[in-house]
Amino acid sequence: MLAACRGEDSDVLFAQGAEQRMAKLTCIACPVRTECLAEALDNRIEFGVWGGLTERERRALLRRRPDVRSWRKLLDEARIRHSAKNRTETA
């Protein structure tokens, strides 16, 4: 498993209030951040920090984009476009 939170106390990721900022720091450079976020969004996981977003941030995102049927697909496509753009700019 590649998750940055692997081996951490799960209580850290299910913190409340200001302590959530510390949990979000774990996600910043996580190699599976988008997969984690997609899992939480697609399955409407209500608690904890997933993919760097709190439950409040995920609810707001779901409200803003009610048209999205698969967050996994959307985020995968965005990552591919971003990678292609970066390769083009550095070539």
Side-chain angles (χ1 to χ4, degrees):
M1 184 176 203
L2 301 172
C5 61
R6 181 178 179 214
E8 282 199 29
D9 181 1
S10 62
D11 288 344
V12 171
L13 298 172
F14 292 92
Q16 297 292 317
E19 293 175 355
Q20 288 179 327
R21 276 185 259 131
M22 293 302 296
K24 290 172 69 168
L25 290 176
T26 302
C27 302
I28 288 175
C30 182
V32 294
R33 181 178 179 177
T34 54
E35 292 88 343
C36 179
L37 178 57
E39 176 75 14
L41 292 167
D42 283 337
N43 293 296
R44 305 300 195 262
I45 298 174
E46 295 184 28
F47 302 102
V49 173
W50 290 76
L53 296 184
T54 65
E55 53 269 8
R56 179 178 284 169
E57 292 165 332
R58 290 193 309 275
R59 281 193 304 270
L61 185 55
L62 289 167
R63 279 193 306 274
R64 282 193 308 269
R65 294 294 309 268
D67 58 310
V68 176
R69 297 228 185 265
S70 171
W71 285 94
R72 164 101 37 197
K73 182 178 176 187
L74 180 79
L75 293 174
D76 284 347
E77 289 170 355
R79 184 176 45 237
I80 290 166
R81 282 192 309 273
H82 179 74
S83 294
K85 180 182 173 193
N86 283 345
R87 281 193 300 271
T88 303
E89 289 176 355
T90 59

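Since this is a predicted model, take the numbers as computed values, not measurements.
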Enquirer: May I have all residue pairs that pass salt bridge (Lys or Arg N to Asp or Glu O under 4.0 Å) and include part of residues 73-83, sequence neighbours excluded?
Expert: E35-R79, D76-R79
Enquirer: Could you list the cluster mates of L62? Members are the ILVMFWY residues connected by side-chain heavy atoms closer than 4.5 Å, either directly or through other members.
Expert: L37, L41, L53, L61, V68, W71, L74, L75
Enquirer: For P31 and L2, which heavy atoms make the closest approach, and how far apart are they?
Expert: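 Looking at all heavy atoms of both residues, the closest pair is CG-O, 3.3 Å.
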Enquirer: List in chain and number order the residues that pass side-chain contact (heavy atoms from CB on, under 4.5 Å) with D9, two or more places apart in sequence or in another chain; answer none if no residue qualifies.
Expert: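 Result, side-chain contact (heavy atoms from CB on, under 4.5 Å) vs D9: D11, V12.
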Enquirer: Sequence neighbours left out, what passes salt bridge (charged side-chain N to carboxylate O under 4.0 Å, His left out) with E57? Give chain and number order.
Expert: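 Listed in chain order: K24.
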Enquirer: Kindly give the cluster partners of I28, where membership spreads through any ILVMFWY side chain lying under 4.5 Å from a current member.
Expert: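 Besides I28, the cluster holds M22, L25.
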Enquirer: Among pairs that include at least one residue of residues 60-71, which meet salt bridge (Lys or Arg N to Asp or Glu O under 4.0 Å), considering only residues two or more places apart or in two chains?
Expert: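 Residue pairs passing salt bridge (Lys or Arg N to Asp or Glu O under 4.0 Å), neighbours aside: R65-D67.
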Enquirer: Taking E39 as the fixed residue, which of R72, R58, R33 is the one that meets the salt bridge (Lys or Arg N to Asp or Glu O under 4.0 Å) rule?
Expert: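 Filter result, single survivor: R72.
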Enquirer: Is it the case that atom CZ in F47 sees more than 12 heavy atoms from other parts of the structure closer than 6.0 Å?
Expert: no
Enquirer: Provide the closest heavy-atom pair for C36 versus G51 in the form atom of the first, atom of the second, distance.
Expert: SG-N, 3.2 Å
Enquirer: Closest heavy-atom contact between C30 and A4?
Expert: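 For C30 versus A4, the nearest heavy atoms are SG-N, 3.3 Å.
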Enquirer: Sorted by first residue and then second, give each salt bridge (Lys or Arg N to Asp or Glu O under 4.0 Å) pair with at least one member in residues 41-56; sequence neighbours left out.
Expert: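 Those involving residues 41-56 do not exist here.
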Enquirer: Apply side-chain contact (heavy atoms from CB on, under 4.5 Å) to C5 and list each qualifying residue two or more places apart in sequence or on a separate chain.
Expert: A3, L13, T26
